[in-house]
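As C-alpha coordinates, the structure follows; a few thoughts come after it.
Count residues from 1 along the sequence.
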Amino acid sequence: MGLGATQTRLNVAGRVFSIEHQWASDYHRDSCQTYEANVGKLKGHVLEKDVHELNLKSLGKVDAFAYGFPCNDFSLVGEQKGINGKFGPLYQYGVDILNLHNPRFFVAENVGGITSSNEGRAFSAILQQLSDAGEVGYDLVAHKYKAEEYGVPQTRHRVIIVGINRKEDVRFRVPAPTHDKFTFITARMALENPPIKEGAHNHEYTSQSSRVVERLKHIGPGENVWNADVPPHLMLNVKGARLSQIYRRLHPDKPSYTITGSGGGGTHGYHWSENRALTNRERARIQGFPDDFVFQGSKESVRKQIGMAVPPPLAKVVFEGILKSFAGIEYDSVEPNLQEHVSQLVV
(Lines give C-alpha, C1' and ligand atoms only; values in the text may rest on other atoms or scores of the structure.)
Protein backbone atom coordinates (compact mmCIF):
# COMPACT_ATOMS: atom_id res chain seq x y z
CA MET A 1 0.00 0.00 0.00
CA GLY A 2 2.81 2.37 0.82
CA LEU A 3 4.39 2.00 -2.62
CA GLY A 4 1.07 2.64 -4.35
CA ALA A 5 0.49 5.69 -2.16
CA THR A 6 3.86 7.30 -2.83
CA GLN A 7 3.52 6.63 -6.59
CA THR A 8 0.34 8.73 -6.67
CA ARG A 9 0.67 12.37 -7.64
CA LEU A 10 -1.70 14.92 -9.22
CA ASN A 11 -0.97 18.39 -10.55
CA VAL A 12 -4.14 20.47 -10.77
CA ALA A 13 -3.69 24.00 -12.07
CA GLY A 14 -0.26 24.17 -10.45
CA ARG A 15 -1.49 22.68 -7.17
CA VAL A 16 0.17 19.37 -6.28
CA PHE A 17 -1.73 16.59 -4.52
CA SER A 18 0.56 13.83 -3.26
CA ILE A 19 1.27 11.58 -0.28
CA GLU A 20 4.52 11.51 1.68
CA HIS A 21 5.47 9.06 4.40
CA GLN A 22 6.03 10.06 8.01
CA TRP A 23 6.50 6.63 9.59
CA ALA A 24 5.67 2.95 9.17
CA SER A 25 5.73 -0.03 11.51
CA ASP A 26 5.81 -3.82 11.44
CA TYR A 27 7.14 -6.52 13.74
CA HIS A 28 8.85 -8.47 10.93
CA ARG A 29 12.47 -7.38 10.52
CA ASP A 30 12.91 -8.25 6.85
CA SER A 31 9.67 -6.47 5.96
CA CYS A 32 10.88 -3.34 7.75
CA GLN A 33 14.20 -3.44 5.92
CA THR A 34 12.48 -3.99 2.58
CA TYR A 35 10.12 -1.10 3.23
CA GLU A 36 12.85 1.29 4.28
CA ALA A 37 14.94 0.41 1.23
CA ASN A 38 12.16 0.82 -1.33
CA VAL A 39 9.33 3.08 -0.20
CA GLY A 40 9.50 6.84 0.27
CA LYS A 41 12.09 8.68 2.32
CA LEU A 42 11.77 6.59 5.43
CA LYS A 43 15.36 6.09 6.57
CA GLY A 44 15.15 5.78 10.34
CA HIS A 45 11.35 6.08 10.39
CA VAL A 46 10.38 2.42 10.02
CA LEU A 47 9.65 1.01 13.45
CA GLU A 48 10.37 -2.68 13.95
CA LYS A 49 8.10 -3.42 16.86
CA ASP A 50 5.08 -5.48 17.84
CA VAL A 51 2.07 -3.16 17.76
CA HIS A 52 1.24 -4.24 21.33
CA GLU A 53 4.48 -2.56 22.41
CA LEU A 54 4.27 0.47 20.14
CA ASN A 55 3.91 3.82 21.89
CA LEU A 56 1.30 5.33 19.60
CA LYS A 57 1.52 8.74 21.24
CA SER A 58 5.21 8.98 20.34
CA LEU A 59 4.49 8.65 16.62
CA GLY A 60 4.43 11.84 14.56
CA LYS A 61 1.08 13.38 13.71
CA VAL A 62 -0.32 12.32 10.31
CA ASP A 63 -3.23 13.58 8.22
CA ALA A 64 -3.59 10.31 6.30
CA PHE A 65 -3.34 6.77 7.61
CA ALA A 66 -3.18 3.40 5.83
CA TYR A 67 -3.00 -0.05 7.32
CA GLY A 68 -3.61 -3.67 6.51
CA PHE A 69 -4.50 -5.19 9.84
CA PRO A 70 -3.58 -8.89 10.17
CA CYS A 71 -5.90 -11.14 8.18
CA ASN A 72 -4.91 -14.48 9.75
CA ASP A 73 -8.14 -14.82 11.72
CA PHE A 74 -10.39 -13.66 8.88
CA SER A 75 -9.04 -15.82 6.04
CA LEU A 76 -11.32 -18.38 4.42
CA VAL A 77 -8.52 -20.91 4.89
CA GLY A 78 -8.25 -21.99 8.51
CA GLU A 79 -10.42 -21.73 11.58
CA GLN A 80 -11.79 -18.22 10.93
CA LYS A 81 -11.65 -17.13 14.57
CA GLY A 82 -12.40 -13.62 13.45
CA ILE A 83 -12.48 -10.86 16.01
CA ASN A 84 -11.96 -13.41 18.82
CA GLY A 85 -8.68 -14.77 17.48
CA LYS A 86 -5.09 -13.78 18.26
CA PHE A 87 -4.81 -11.36 15.34
CA GLY A 88 -8.44 -10.30 14.89
CA PRO A 89 -8.45 -7.59 17.60
CA LEU A 90 -5.38 -5.84 16.16
CA TYR A 91 -7.55 -3.60 13.96
CA GLN A 92 -8.17 -1.66 17.20
CA TYR A 93 -4.70 -0.13 17.04
CA GLY A 94 -5.69 1.56 13.79
CA VAL A 95 -8.77 2.94 15.51
CA ASP A 96 -6.49 4.29 18.24
CA ILE A 97 -4.39 6.10 15.62
CA LEU A 98 -7.56 7.68 14.19
CA ASN A 99 -8.57 8.81 17.66
CA LEU A 100 -5.12 10.26 18.34
CA HIS A 101 -4.50 12.09 15.07
CA ASN A 102 -7.95 12.56 13.53
CA PRO A 103 -6.47 12.29 9.99
CA ARG A 104 -8.26 13.65 6.94
CA PHE A 105 -8.68 10.15 5.53
CA PHE A 106 -7.69 6.53 6.12
CA VAL A 107 -7.47 3.30 4.12
CA ALA A 108 -7.86 -0.14 5.72
CA GLU A 109 -7.40 -3.45 3.87
CA ASN A 110 -8.23 -7.07 4.61
CA VAL A 111 -9.19 -10.38 3.00
CA GLY A 112 -12.63 -11.01 1.57
CA GLY A 113 -13.40 -13.49 4.35
CA ILE A 114 -13.66 -10.68 6.88
CA THR A 115 -17.26 -10.00 5.81
CA SER A 116 -18.45 -13.44 6.90
CA SER A 117 -16.22 -14.01 9.94
CA ASN A 118 -18.18 -14.51 13.17
CA GLU A 119 -21.36 -14.61 11.04
CA GLY A 120 -20.67 -11.07 9.89
CA ARG A 121 -20.54 -9.61 13.40
CA ALA A 122 -16.79 -8.95 13.27
CA PHE A 123 -17.05 -6.84 10.13
CA SER A 124 -19.98 -4.85 11.53
CA ALA A 125 -18.12 -4.15 14.78
CA ILE A 126 -14.97 -3.05 12.94
CA LEU A 127 -16.92 -0.75 10.62
CA GLN A 128 -18.78 0.81 13.54
CA GLN A 129 -15.58 1.60 15.43
CA LEU A 130 -13.90 3.03 12.32
CA SER A 131 -16.96 5.15 11.61
CA ASP A 132 -17.04 6.50 15.20
CA ALA A 133 -13.30 7.21 15.42
CA GLY A 134 -11.69 10.66 15.57
CA GLU A 135 -13.31 13.90 16.64
CA VAL A 136 -16.43 13.74 14.46
CA GLY A 137 -16.18 10.29 12.82
CA TYR A 138 -15.64 9.08 9.26
CA ASP A 139 -17.83 8.48 6.23
CA LEU A 140 -16.96 4.99 5.05
CA VAL A 141 -16.90 3.42 1.60
CA ALA A 142 -16.42 -0.35 1.77
CA HIS A 143 -15.77 -2.32 -1.41
CA LYS A 144 -14.45 -5.74 -2.37
CA TYR A 145 -11.97 -5.03 -5.15
CA LYS A 146 -10.97 -7.58 -7.78
CA ALA A 147 -7.32 -6.84 -8.54
CA GLU A 148 -7.49 -8.34 -12.04
CA GLU A 149 -10.04 -5.64 -12.96
CA TYR A 150 -7.43 -2.95 -12.23
CA GLY A 151 -4.50 -4.20 -14.27
CA VAL A 152 -3.03 -6.69 -11.80
CA PRO A 153 -2.25 -10.08 -13.45
CA GLN A 154 -3.83 -12.00 -10.59
CA THR A 155 -7.31 -12.91 -9.33
CA ARG A 156 -6.84 -11.38 -5.90
CA HIS A 157 -9.99 -10.12 -4.16
CA ARG A 158 -9.64 -7.87 -1.13
CA VAL A 159 -11.86 -5.66 1.01
CA ILE A 160 -10.69 -2.05 1.16
CA ILE A 161 -12.37 0.50 3.42
CA VAL A 162 -11.83 4.19 2.73
CA GLY A 163 -12.82 6.62 5.46
CA ILE A 164 -13.13 10.38 4.88
CA ASN A 165 -13.15 12.64 7.93
CA ARG A 166 -16.61 14.19 8.33
CA LYS A 167 -14.97 17.61 8.70
CA GLU A 168 -14.01 17.41 5.03
CA ASP A 169 -16.40 18.38 2.25
CA VAL A 170 -15.23 15.38 0.24
CA ARG A 171 -16.98 12.28 -1.11
CA PHE A 172 -14.92 9.28 -2.21
CA ARG A 173 -16.28 7.02 -4.94
CA VAL A 174 -15.00 3.56 -5.92
CA PRO A 175 -12.85 3.92 -9.08
CA ALA A 176 -14.34 2.04 -12.02
CA PRO A 177 -12.48 -1.07 -13.23
CA THR A 178 -10.02 -0.51 -16.05
CA HIS A 179 -9.88 -4.09 -17.37
CA ASP A 180 -12.37 -6.86 -18.17
CA LYS A 181 -12.14 -10.51 -19.23
CA PHE A 182 -11.13 -9.40 -22.73
CA THR A 183 -8.31 -7.14 -21.54
CA PHE A 184 -7.04 -8.82 -18.34
CA ILE A 185 -3.26 -8.91 -18.03
CA THR A 186 -2.31 -12.57 -18.26
CA ALA A 187 0.40 -14.54 -16.50
CA ARG A 188 2.35 -14.80 -19.75
CA MET A 189 2.18 -11.04 -20.29
CA ALA A 190 3.30 -10.40 -16.71
CA LEU A 191 6.32 -12.73 -16.84
CA GLU A 192 7.45 -12.36 -20.45
CA ASN A 193 6.73 -8.73 -21.37
CA PRO A 194 9.52 -7.92 -20.88
CA PRO A 195 11.43 -11.08 -19.91
CA ILE A 196 13.02 -11.04 -16.46
CA LYS A 197 16.73 -10.39 -16.81
CA GLU A 198 19.26 -13.04 -15.83
CA GLY A 199 20.67 -12.28 -12.40
CA ALA A 200 17.67 -10.16 -11.41
CA HIS A 201 17.18 -9.63 -7.68
CA ASN A 202 14.99 -12.22 -5.88
CA HIS A 203 14.99 -14.46 -8.97
CA GLU A 204 16.52 -17.60 -7.42
CA TYR A 205 15.10 -20.90 -8.69
CA THR A 206 13.90 -23.60 -6.32
CA SER A 207 15.60 -26.96 -6.57
CA GLN A 208 12.73 -29.34 -7.36
CA SER A 209 12.88 -33.00 -6.43
CA SER A 210 12.64 -35.53 -9.23
CA ARG A 211 9.25 -36.66 -7.88
CA VAL A 212 7.82 -33.14 -8.06
CA VAL A 213 9.18 -32.68 -11.57
CA GLU A 214 7.63 -35.99 -12.63
CA ARG A 215 4.29 -34.99 -11.06
CA LEU A 216 4.28 -31.61 -12.81
CA LYS A 217 4.80 -33.30 -16.18
CA HIS A 218 1.29 -34.70 -15.85
CA ILE A 219 -0.36 -31.39 -14.90
CA GLY A 220 -1.44 -29.08 -17.70
CA PRO A 221 -1.73 -25.26 -17.69
CA GLY A 222 -4.40 -24.16 -15.22
CA GLU A 223 -4.74 -27.65 -13.75
CA ASN A 224 -3.89 -28.84 -10.23
CA VAL A 225 -2.91 -32.20 -8.81
CA TRP A 226 -6.56 -33.13 -8.19
CA ASN A 227 -8.09 -32.48 -11.61
CA ALA A 228 -5.15 -33.53 -13.80
CA ASP A 229 -4.48 -37.05 -15.06
CA VAL A 230 -1.77 -37.85 -12.52
CA PRO A 231 -0.67 -41.50 -12.16
CA PRO A 232 -1.62 -43.12 -8.83
CA HIS A 233 1.98 -43.42 -7.67
CA LEU A 234 2.41 -39.65 -7.98
CA MET A 235 -0.85 -38.67 -6.27
CA LEU A 236 -0.89 -37.12 -2.80
CA ASN A 237 -2.16 -39.07 0.19
CA VAL A 238 -4.42 -36.34 1.56
CA LYS A 239 -7.60 -36.79 3.55
CA GLY A 240 -10.14 -34.02 3.97
CA ALA A 241 -10.09 -30.71 2.10
CA ARG A 242 -8.32 -30.68 -1.23
CA LEU A 243 -7.18 -27.12 -1.88
CA SER A 244 -7.34 -26.21 -5.57
CA GLN A 245 -3.97 -24.47 -5.54
CA ILE A 246 -1.98 -27.63 -4.71
CA TYR A 247 0.55 -28.13 -7.53
CA ARG A 248 -1.56 -25.83 -9.65
CA ARG A 249 0.09 -24.43 -12.75
CA LEU A 250 -0.57 -20.93 -13.99
CA HIS A 251 -2.58 -20.64 -17.18
CA PRO A 252 -0.52 -18.51 -19.57
CA ASP A 253 -3.59 -16.83 -21.11
CA LYS A 254 -5.34 -15.93 -17.85
CA PRO A 255 -4.41 -13.90 -14.77
CA SER A 256 -2.64 -15.92 -12.08
CA TYR A 257 -4.59 -17.35 -9.20
CA THR A 258 -3.96 -15.72 -5.81
CA ILE A 259 -0.31 -15.68 -4.74
CA THR A 260 0.06 -16.71 -1.08
CA GLY A 261 2.73 -15.89 1.46
CA SER A 262 3.11 -19.29 3.10
CA GLY A 263 2.22 -22.95 2.80
CA GLY A 264 3.93 -26.27 2.39
CA GLY A 265 4.56 -28.48 -0.61
CA GLY A 266 2.53 -27.72 -3.69
CA THR A 267 1.53 -24.16 -2.69
CA HIS A 268 4.35 -22.17 -4.27
CA GLY A 269 2.72 -21.43 -7.62
CA TYR A 270 3.98 -23.25 -10.74
CA HIS A 271 5.01 -22.22 -14.22
CA TRP A 272 2.63 -23.26 -17.02
CA SER A 273 5.28 -25.06 -19.12
CA GLU A 274 8.49 -25.31 -17.09
CA ASN A 275 8.40 -28.02 -14.41
CA ARG A 276 9.20 -25.77 -11.47
CA ALA A 277 7.86 -23.41 -8.85
CA LEU A 278 7.78 -19.69 -9.55
CA THR A 279 10.68 -17.56 -8.42
CA ASN A 280 10.07 -14.69 -6.02
CA ARG A 281 10.72 -12.20 -8.83
CA GLU A 282 7.97 -13.86 -10.84
CA ARG A 283 5.64 -13.72 -7.85
CA ALA A 284 6.51 -10.05 -7.41
CA ARG A 285 5.66 -9.38 -11.08
CA ILE A 286 2.30 -11.07 -10.56
CA GLN A 287 1.68 -8.82 -7.54
CA GLY A 288 2.54 -5.76 -9.62
CA PHE A 289 5.90 -4.85 -8.09
CA PRO A 290 8.50 -3.25 -10.38
CA ASP A 291 11.72 -5.19 -10.96
CA ASP A 292 13.78 -2.55 -9.14
CA PHE A 293 11.86 -3.22 -5.92
CA VAL A 294 14.38 -5.41 -4.04
CA PHE A 295 13.11 -7.55 -1.18
CA GLN A 296 15.32 -8.22 1.84
CA GLY A 297 15.76 -11.52 3.68
CA SER A 298 15.80 -15.23 2.92
CA LYS A 299 13.91 -16.76 0.01
CA GLU A 300 11.05 -17.91 2.26
CA SER A 301 10.92 -14.54 3.99
CA VAL A 302 10.66 -12.80 0.61
CA ARG A 303 7.90 -15.19 -0.44
CA LYS A 304 5.98 -14.21 2.70
CA GLN A 305 6.42 -10.49 2.09
CA ILE A 306 5.22 -10.75 -1.50
CA GLY A 307 2.25 -12.96 -0.70
CA MET A 308 1.01 -10.74 2.12
CA ALA A 309 1.30 -7.48 0.20
CA VAL A 310 -1.40 -5.35 -1.37
CA PRO A 311 -0.70 -5.17 -5.13
CA PRO A 312 0.82 -1.70 -5.65
CA PRO A 313 -1.23 -0.97 -8.83
CA LEU A 314 -4.46 -1.64 -6.91
CA ALA A 315 -3.33 0.54 -4.00
CA LYS A 316 -2.43 3.31 -6.45
CA VAL A 317 -5.93 3.19 -7.98
CA VAL A 318 -7.50 3.70 -4.55
CA PHE A 319 -5.15 6.50 -3.49
CA GLU A 320 -5.52 8.22 -6.84
CA GLY A 321 -9.29 8.16 -6.37
CA ILE A 322 -8.88 9.71 -2.92
CA LEU A 323 -6.60 12.48 -4.17
CA LYS A 324 -8.95 13.21 -7.09
CA SER A 325 -11.81 13.42 -4.59
CA PHE A 326 -9.91 15.99 -2.52
CA ALA A 327 -8.91 17.87 -5.69
CA GLY A 328 -12.50 17.99 -6.93
CA ILE A 329 -11.73 15.99 -10.08
CA GLU A 330 -14.49 13.83 -11.51
CA TYR A 331 -13.62 10.22 -12.42
CA ASP A 332 -15.44 7.08 -13.57
CA SER A 333 -16.79 5.15 -10.61
CA VAL A 334 -18.98 2.22 -9.60
CA GLU A 335 -21.31 1.64 -6.68
CA PRO A 336 -19.54 0.09 -3.66
CA ASN A 337 -20.57 -3.55 -3.29
CA LEU A 338 -20.31 -3.71 0.51
CA GLN A 339 -22.09 -0.49 1.33
CA GLU A 340 -25.11 -2.27 2.76
CA HIS A 341 -22.91 -3.10 5.76
CA VAL A 342 -22.12 0.61 6.17
CA SER A 343 -25.78 1.65 5.85
CA GLN A 344 -26.58 -0.40 8.97
CA LEU A 345 -24.21 1.63 11.17
CA VAL A 346 -25.40 3.96 13.89
CA VAL A 347 -24.10 7.42 12.96
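- Between the side chain of Arg215 and the main chain of Val225, no donor-acceptor pair closer than 3.5 Å is present.
- With rounding to the nearest 0.5 Å, the separation of CG in Leu42 from CD in Gln22 is 8.5 Å.
- Using a 4.5 Å cut-off on side-chain heavy atoms (C-beta onward), Glu223 and Arg249 make no contact.
- A salt bridge does not link Asp332 with Arg173: every distance from a Lys NZ or Arg NE/NH1/NH2 to an Asp or Glu carboxylate oxygen is 4.0 Å or more.
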Can you list the steps and then say if Met308 with Thr260 is a side chain to side chain contact (heavy atoms under 4.5 Å, CB included)?
CA-CA 7 Å; Met308 295 183 72; Thr260 59; over 6 Å; no
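- If you check the side chains of Ser325 and Tyr331, you find a donor sitting under 3.5 Å from an acceptor.
- Within the 4.5 Å cutoff, no side-chain heavy atoms of Ile185 are placed close to those of Val152.
- With sequence neighbours excluded, the residues forming a side chain to side chain contact (heavy atoms under 4.5 Å, CB included) with Asp50 are Tyr27, His52, Glu53, listed by chain and number.
- Side-chain contact annotation: Arg248 with Asn227, donor-acceptor N/O pair under 3.5 Å absent.
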Might you work through the side chain to side chain contact (heavy atoms under 4.5 Å, CB included) test for Asp132 and Gln129, ending with a clear yes or no?
CA-CA 5 Å; Asp132 293 342; Gln129 290 191 53; 5.9 Å; no
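- Paired with Ile286 under the rule side-chain contact (heavy atoms from CB on, under 4.5 Å), one option of Ile306, Ile259, Thr258 passes, and it is Ile259.
- If you take CG on Asp169 and CD1 on Ile164, they are separated by 11.5 Å, rounding to the nearest 0.5 Å.
- Using a 4.5 Å cut-off between side-chain heavy atoms of Ile, Leu, Val, Met, Phe, Trp and Tyr, with links allowed through other members, Ile329 and Phe319 fall into the same hydrophobic cluster.
- For the atom pair CD of Gln296 and NE2 of His201, the computed distance is 9.0 Å after rounding to the nearest 0.5 Å.
- In this structure, the side chain of Ser131 does not engage the main chain of Leu127 through any donor-acceptor pair within 3.5 Å.
- Between Leu338 and Phe123, the shortest heavy-atom distance links the atoms CD1-CZ, 4.4 Å.
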Derivation and outcome, side-chain hydrogen bond (donor to acceptor under 3.5 Å, both in side chains), residues Tyr35 and His21:
CA-CA 11 Å; Tyr35 208 78; His21 259 304; 2.9 Å; yes
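- When every heavy atom of Val212 is checked against every heavy atom of Gln208, the shortest pair comes out as CG1-NE2, 3.6 Å.
- Although no hydrogens or angles enter the test, the distance criterion places no donor-acceptor pair under 3.5 Å between the side chain of Trp226 and the main chain of Ser244.
- Pairing each heavy atom of Asn165 with each of Pro103, the nearest pair is ND2-O, 3.0 Å.
- Residue pairs meeting the ring-ring contact (aromatic ring centres under 6.0 Å, His included) criterion with at least one member in residues 263-295, sequence neighbours excluded: Tyr247-Tyr270, Phe289-Phe293, Phe289-Phe295, Phe293-Phe295.
- No side-chain heavy atom of Pro175 sits under 4.5 Å from any side-chain heavy atom of Lys324.
- Taking each heavy atom of Leu140 and Gln339 in turn, the nearest pair found is O-NE2, 2.8 Å.
- Between the side chain of Asn110 and the backbone N or O of Phe69 there is at least one donor-acceptor pair closer than 3.5 Å.
- Val159 places none of its side-chain heavy atoms less than 4.5 Å from the side chain of Val111.
- Between Arg188 and Asp253 a salt bridge is recorded (basic side-chain N to carboxylate O distance below 4.0 Å).
- In summary, Glu148 and Lys146 do not engage in a salt bridge, as defined by a charged side-chain N under 4.0 Å from a carboxylate O.
- The shortest side-chain heavy-atom distance between Pro153 and Ser256 does not fall under the 4.5 Å cut-off.
- Taking NE2 from His203 and CD1 from Ile196, the interatomic distance works out to 4.5 Å, rounded to the nearest 0.5 Å.
- Pro336 and Ala142 make their closest contact through CB-O, 3.5 Å (heavy atoms, listed as atom of the first residue, atom of the second, distance).
- Looking at Arg104 and Asp63, no side-chain N of the basic residue comes within less than 4.0 Å of a carboxylate O on the acidic one, giving no salt bridge.
- Heavy-atom neighbours of Lys299 NZ from other residues, nucleotides or ligands within 6.0 Å: above the threshold of 12.
- Under 4.0 Å is where a charged nitrogen must lie from a carboxylate oxygen, and between Lys181 and Glu149 no such pair does.
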Begin with the C-alpha distance, continue with both residues' side-chain angles, and end with the deciding distance and a verdict on side chain to side chain contact (heavy atoms under 4.5 Å, CB included) for Thr8 and Glu320.
CA-CA 6 Å; Thr8 309; Glu320 194 169 78; 3.8 Å; yes
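- Judged by distance alone, the side chain of Lys61 and the main-chain N or O of His101 form a donor-acceptor pair under 3.5 Å.
- Residues Ser262 and Lys304 are not in side-chain contact: their nearest non-hydrogen atoms beyond the backbone lie 4.5 Å or more apart.
- If you take CG on Asn202 and CZ on Arg285, they are separated by 12.5 Å, rounding to the nearest 0.5 Å.
- Residues Ile246 and Asn224 have side chains not in contact (no heavy-atom distance under 4.5 Å, counting atoms from C-beta outward).
- Applying the ring pair (Phe, Tyr, Trp, His ring centres under 6.0 Å) rule to Phe105 yields the partners Phe326; only residues at least two apart in sequence or on another chain are considered.
- Under the 4.5 Å side-chain heavy-atom criterion for grouping Ile, Leu, Val, Met, Phe, Trp and Tyr, Phe106 is connected to Leu59 within one hydrophobic cluster.
- Side chain to side chain, Tyr67 and Glu109 fail the donor-acceptor criterion of an N or O pair below 3.5 Å.
- Within the structure, ring-ring contact (aromatic ring centres under 6.0 Å, His included) pairs that include any residue of residues 147-193 comprise Tyr145-Tyr150 (at least two apart or interchain).
- Considering every non-hydrogen atom in both Cys32 and Leu47, the closest pair reads SG-O, 4.0 Å.
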Side chain to side chain contact (heavy atoms under 4.5 Å, CB included), that's the test. Do Val141 and Ile161 meet it? Break it down for me.
CA-CA 6 Å; Val141 176; Ile161 305 161; over 6 Å; no
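- Residues Val174 and Val310 are members of one and the same hydrophobic cluster, defined by side-chain heavy-atom contacts under 4.5 angstrom among Ile, Leu, Val, Met, Phe, Trp and Tyr.
- Val107 is not connected to Phe65 by any chain of hydrophobic side-chain contacts under 4.5 Å among Ile, Leu, Val, Met, Phe, Trp and Tyr, and they are in different clusters.
- Distance check, rounded to the nearest 0.5 Å: NZ of Lys316 to OG1 of Thr6 gives 9.5 Å.
- Looking at Glu48 and Asp26, their side chains never come closer than 4.5 Å, going by heavy atoms from C-beta outward.
- Within a 6.0 Å radius of CD in Gln344, other residues, nucleotides and ligands contribute more than 12 heavy atoms.
- Between Lys167 and Glu135 there is a salt bridge, since a side-chain N of the basic residue sits under 4.0 Å from a carboxylate O of the acidic one.
- Checked against salt bridge (charged side-chain N to carboxylate O under 4.0 Å, His left out), Lys217 has the following partners two or more places apart in sequence or in another chain: Glu214.
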Tell me which donor-acceptor pairs under 3.5 Å the side chains of residues 9-20 have, and how far apart each pair is, sequence neighbours excluded?
from, atom 1, to, atom 2, distance (Å)
Asn11, OD1, Gly14, N, 3.1

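- Under a 3.5 Å cut-off, the side chain of Ser58 and the backbone N or O of Asn55 do form a donor-acceptor pair.
- Ile126 and Tyr138 fall within a single hydrophobic cluster, where Ile, Leu, Val, Met, Phe, Trp and Tyr are joined by side-chain heavy atoms under 4.5 Å apart, directly or via other members.
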